[in-house]
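Notes follow the structure.
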Amino acid sequence: MYAYIKGELTEIHTDHIVLEAGGIGYQIFIPGQTLQNLPPLREEMKVYTYLYIREDAMILYGFLTRDDLELFCKLISVSGIGPKGGLSILSALDADDLRFAILSGDAKAIARAPGIGAKTAQRVILELKDKMSLEDAFEKKAQHVSETAAEPSVKQDAVMALTALGYSSTESLKAVSKVQIAETMDVEEVLKAALKHLSLI
């Protein structure tokens with residue numbers, strides 16, 4: 001129903017975000033690892049979505065890349081894994097690590113995800129291994145490395161610094177996300193601006 005939603009990031013929580021588009025605030029559940037790559041609050045972003053419908057609810061799950069969404073869809077096609085399980089796995093392992101874990105038969109790595117046991121991890125490998133290729137996994141890994149190499153690590157470094165100062169990872173991410181980070185800013189400048197936001201919370 002929704003291929004993606006493009007709108008303004010208005011809220012960041014530990015397991016979901018709120019994206020405002022066309023005057024509607026969409027609650028979108030995201031993998032934990034996605035939190036580190038969110039833009040600052042009030043900035044526009046694009047989220048690839050999966051709409052899960054059950055008798056008592058309609059739930060949106062979101063991903064920053066089409067690759068993550070496709071992998072999520074593969075995960076929930078595995079018997080015994082629902083959207084929560086798929087999100088849990090993608091919170092513990094990024095798309096590249098998950099692909100290599102499946103192709104190498106590393107059930108232990110997959111089982112580290114909360115709520116995913118050894119049997120379920122084995123089932124993921126059994127049902128998805130034939131749907132992936134090592135060549136494709138290496139190609140996507142190389143593509144992601146080249147993309148992230150160009151991204152500044154100022155935001156991540158500032159979050160780590162705040163965490164070291166005793167703030168929770170959620171508080172740190174929220175504070176840094178509120179900072180309008182310019183290309184010329186260094187970690188210290190971002191950190192100072194984030195601390196100002198924390199003092200207002």
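Using cut-offs of 30° and 60° for the angle between ring planes, the F72 and Y50 rings count as perpendicular. The aromatic rings of Y48 and Y4 stand perpendicular to each other, their planes meeting at an angle above 60°, with 30° marking the opposite boundary.
Looking at every heavy atom in both residues, G7 comes nearest to A21 through CA-CB, 4.2 Å.
Here the CZ atom belonging to R99 is positioned 6.5 Å from the CE atom belonging to M132, to the nearest 0.5 angstrom. The distance from atom CG of D15 to atom OG1 of T34, rounded to the nearest 0.5 Å, is 12.0 Å. Distance check, rounded to the nearest 0.5 Å: CG of L71 to CD1 of I76 gives 11.0 Å.
Put simply, the side chain of L191 does not reach to within 4.5 Å of the side chain of D157, judged on heavy atoms. Residues R42 and T10 are in side-chain contact: their nearest non-hydrogen atoms beyond the backbone lie under 4.5 Å apart.
Using modelled atom types and a 3.5 Å distance limit, the side chains of S79 and E127 yield a donor-acceptor pair.
Side-chain heavy atoms closer than 4.5 Å link hydrophobic residues (I, L, V, M, F, W, Y) into clusters, and following such links, possibly through other members, connects L41 to I5. At a threshold of 4.5 Å between side-chain heavy atoms, the hydrophobic network of Ile, Leu, Val, Met, Phe, Trp and Tyr places L165 and V187 in one connected group. Clustering ILVMFWY residues whenever any of their side-chain heavy atoms sit less than 4.5 angstrom apart, transitively, puts L93 in the very cluster that holds V78.
Between K192 and E188, at least one side-chain N (NZ, or NE/NH1/NH2) sits under 4.0 Å from a carboxylate O, which counts as a salt bridge.
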For this session: Might you work through the side-chain contact (heavy atoms from CB on, under 4.5 Å) test for I102 and K131, ending with a clear yes or no?
Result: CA-CA 10 Å; I102 291 168; K131 296 177 182 178; over 6 Å; no

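Side-chain N or O atoms of S104 include one that pairs as donor or acceptor with a backbone N or O of F100 at under 3.5 Å. Between the side chain of S91 and the backbone N or O of L87 there is at least one donor-acceptor pair closer than 3.5 Å. Formation of a donor-acceptor pair under 3.5 Å by the T49 side chain with backbone atoms of Y2 is found in this model. Looking at Q36, its side chain never comes within 3.5 Å of a backbone N or O of Q33 through a donor-acceptor pair.
Annotation: M185, atom CE; neighbour count of heavy atoms from other residues, nucleotides and ligands within 6.0 Å is above 12.
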